[in-house]
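In listed order, ligands and their atoms are each counted from 1.
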Amino acid sequence: MENKIVAGNFKMNLTLDEIKDYINKFNVENENVIICPPFIYLPYFINKKYMVGAQNVAFEDSGAYTGEISPKQIKSMGITYTIVGHSERREIFNETDKIINKKIAKALENDLKVILCIGETLEERKNNLTEEKIQKQLENSLQNISNFDNIIIAYEPIWAIGTGIIPTIDEITSTVNYIKGTIKTLYKLENIKVLYGGSVNDTNVEEINKIKVLDGFLVGGASLDPDKFKKIIEVVVNQ
Ligand code: PGA
């Protein structure tokens with residue numbers, strides 16, 4: 001079986017001193033571990049024995065886009081991954097599937113690996129609209145994309161992000177199966193990796209990690225503590 005992936009999304013957290021402290025404590029040697037710090041701290045994480053990712057990426061290579069960072073620039077720093085379409089980008093910064101589609105295309109063109117986040121709201125879950133939402137997100141955001149080798153999907157139910165609420169094992173299993181089935185139907189692709197994200201921590205990861213169809217985790221809050229994050233990684237790696 002291929003190795004599982006564990007990605008840590010720091011979001012807009014930690015100051016420079018905290019980042020330096022983190023790097024000292026985080027002595028992980030594993031290229032299936034990806035740290036996604038805020039952009040300004042990315043250089044501190046390069047050339048370590050784990051991988052590094054951006055949390056977001058622009059949809060053009062260069063030009064008059066104040067405040068944006070392009071995939072070409074990210075790649076030029078020696079960074080391998082970028083998250084695209086996180087629900088916070090979609091909800092707070094109004095990113096649509098169309099924008100996300102452009103970002104994915106440009107990121108792949110620049111040889112970056114993409115972690116595409118998808119997932120439903122609580123209301124959609126309650127109204128049995130999870131599969132419909134996910135199908136739409138996959139269809140729209142992956143339109144005209146052909147290089148799936150560099151795409152990983154992160155299933156992140158919005159109601160589970162930062163809330164401490166985790167879907168049941170059955171809910172995660174069936175949604176991940178649905179994602180893999182949809183990718184197979186739409187794009188004739190058998191082995192796309194699907195991660196789970198949303199309130200994963202060092203105490204619940206062991207249980208969720210038993211889900212066989214899962215290929216790893218995208219961790220937010222619990223990745224901010226290097227010791228907790230190392231525990232999560234150990235559980236997943238030693239399974
Ligand atoms: P959380 O965030 O682990 O803090 O719930 C996950 C994410 O947003 O990727």
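Protein residues with any heavy atom under 4.0 Å from ligand 1: Asn9, Lys11, His86, Glu156, Ala160, Ile161, Gly162, Gly198, Ser199, Leu218, Val219, Gly220, Gly221.
Listed by first and then second residue, the ring pair (Phe, Tyr, Trp, His ring centres under 6.0 Å) pairs involving residues 86-143 amount to none (not counting sequence neighbours).
Side-chain contact annotation: Gln135 with Glu139, donor-acceptor N/O pair under 3.5 Å present. Side-chain contact, Lys4 with Asn209: a donor N or O sits under 3.5 Å from an acceptor N or O. No side-chain N or O of Tyr41 forms a donor-acceptor pair with one of Glu18 less than 3.5 Å apart.
Applying the side-chain contact (heavy atoms from CB on, under 4.5 Å) rule to Lys72 yields the partners Asp61, Ser70, Asn110; only residues at least two apart in sequence or on another chain are considered. Residues forming a ring-ring contact (aromatic ring centres under 6.0 Å, His included) with Phe26 (at least two apart in sequence, or on another chain): Tyr22, Tyr50, Phe229.
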